[in-house]
Amino acid sequence: MSRMFVPGPVDVADEVLQAQAAPMLPHRSKEFEAIFRRASEKARGLFYTTYRVFLTASSGTGLQEAAIRNFVNKRVLSVVNGAFADRWHDVARSNGKEAEKLAFEWDTPASPDQVADALRKGGFEALTVVHNETSTGLQNPVREICEAVRAVAPDTLILVDAVSSLGGAKIEMDAWGIDMLLTSSQKCLALPPGLALGAVSDRAMEKASSVENRGWYFDLLRMEKHRLKDSSPATPVMPLVFALDFQLDRIFAEGLDNRFARHSAMAERVQEWADAHDLSMYAPEGYRSQTVTTIRNERGLNVSDLNAFLKQREMRIAGGYGPIKETTFRIAHMGEIQMTDIEKLLAAMDEYLKKS
Ligand SMILES: Cc1ncc(COP(=O)(O)O)c(C=O)c1O
């Protein structure tokens, strides 16, 4: 199997790909509804929540939009220190909301104190924050941010994007007080792209009932009515629901804590390799992602040339993203990637560095 050390879409295990090939069923049949319910109920374990998990036929951005349309009438605070947080802010603006940006340098974690100061102005119905910035390899202190929000603006809903970390890092939705936590299938869950998962608290559902223009496709109140009947308003992405149902069993068989420990051990190993080659990490120590490492390209490596070399060995890494595209490169260690794969990659990178 080839190994892509890229932050999604990631490699999918053969048996998971096979699970998609089960025969289709009418989506309003008892047989499919049982699978749909089982998958969404099992998924709650990943989110550490007793609330509901919606499964939508979309990628993660669809749920970024759903969060805005369902929970914000007017004002939202967008915490921005990376490309995907910036996208969420843009989603809010594009939907006609007054989205105030609380910006940090991209290599700086969002500060809970500054979040609290911004919220003291009052009037923010929700706050958006990205847990794991896939562009920068920075993990924001979401738990501390939740505490800060609770202290100064307890009615403000906390909306968290964990597209590139849920299933690879521990995020305890209920214990931390998150109101919506969303992710996509093609990253740490190691599924093909096309399915998004979003867990939503009861108080957020209540808030949605006072929000107008929630739209149709992503109206969570409509989805909830159907969910309670083990169904969805529109046709679900059936092959991915089969695959999710199967993959969740594999994930729980590994054990969530073991899975998180595997991801953080791989992150540490990649950081150690970078240190040994006088390359520094983009994110500061203490805030580095467990699932993707962004490295400053201080040696001026030609990443396309490196990837051509790696592809001959059935591997590849990712270049930088957005404004740091040319100055960084990324090694993702999520999903099915094991430490032995990382060792193979780093050995190949050493071989490349020696020859160039
Ligand atoms: C942190 C983060 N948020 C949102 C997105 C957008 O997700 P999707 O491509 O599933 O719409 C990405 C995609 O890479 C991401 O990394």
Side-chain angles (χ1 to χ4, degrees), residues 4-12 43 46-47 53-69 76 78-95 99 104 106-107 109-110 127-142 145 158-169 171 178 180-199 217-218 237 240 243-244 263 267 282-283 287-294 317-325 328-335:
M4 299 197 295
F5 299 85
V6 300
V10 300
D11 292 312
V12 179
L46 281 178
F47 290 81
V53 176
F54 293 109
L55 307 178
T56 60
S58 71
S59 73
T61 309
L63 286 185
Q64 283 191 339
E65 185 150 283
I68 298 296
R69 291 294 289 262
V76 55
S78 315
V79 176
V80 175
N81 59 345
F84 294 101
D86 206 32
R87 177 184 297 184
W88 209 353
H89 173 253
D90 198 26
V91 166
R93 298 282 298 258
S94 308
N95 278 285
F104 297 88
W106 278 27
D107 59 0
L127 162 138
T128 63
V129 61
V130 170
H131 175 253
N132 191 74
E133 254 303 343
T134 321
S135 50
T136 59
L138 186 149
Q139 192 172 292
N140 274 314
V142 167
I145 290 173
I158 303 173
L159 314 177
V160 178
D161 170 324
V163 165
S164 59
S165 47
L166 198 99
I171 307 169
I178 296 171
M180 182 173 188
L181 183 59
L182 64 96
T183 196
S184 341
S185 52
Q186 76 278 13
K187 302 205 192 265
C188 299
L189 303 182
L191 292 165
L195 179 80
L197 296 86
Y217 195 70
F218 288 113
V237 60
L240 287 174
L244 172 69
H263 283 74
Y282 192 81
Y287 298 93
R288 291 184 186 148
S289 165
Q290 280 173 238
T291 58
V292 55
T293 299
T294 300
I317 62 164
Y321 191 96
I324 55 170
K325 183 173 169 52
T328 59
F329 62 89
R330 294 172 297 163
I331 298 178
H333 25 79
M334 57 174 72

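Predicted model, so just to flag it, every value in this text is computed and none were measured. Both counts, for ligands and for their atoms, begin at 1 and track the order of listing.
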(message) Once side chain to side chain donor-acceptor pair (under 3.5 Å) is applied, do any residues pair with T291, and if so which ones, sequence neighbours excluded?
(response)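 Side chain to side chain donor-acceptor pair (under 3.5 Å) check on T291 returns N132, S289.
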(message) Taking the side chain as everything from C-beta on, heavy atoms only, tell me whether L63 gets closer than 4.5 Å to M180.
(response)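 A side-chain contact under 4.5 Å exists here.
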(request) To the nearest 0.5 Å, tell me how far F218 CZ sits from I68 CD1. (result)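 Output value for this atom pair is 13.0 Å.
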(message) Please report the interatomic distance CD1(I324) to OG1(T294), rounded to the nearest 0.5 Å.
(response)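 So the CD1 of I324 and the OG1 of T294 are separated by 6.0 Å.
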(request) Tell me, with the steps shown, if N81 and E133 meet side chain to side chain donor-acceptor pair (under 3.5 Å). (result) CA-CA 8 Å; N81 59 345; E133 254 303 343; over 6 Å; no
(message) Against T183, only a single residue in L46, L189, V160, I171 fulfils side chain to side chain contact (heavy atoms under 4.5 Å, CB included); can you say which?
(response)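 For T183, the side chain to side chain contact (heavy atoms under 4.5 Å, CB included) test succeeds with only one of L46, L189, V160, I171, which is L189.
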(request) Would you check ligand 1 and list the protein residues that come within less than 4.0 Å of it by any heavy atom, ordered by chain and number? (result)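 Answer by chain and number: S59, G60, T61, Q64, F84, R87, V130, N132, T134, D161, V163, S184, Q186, K187.
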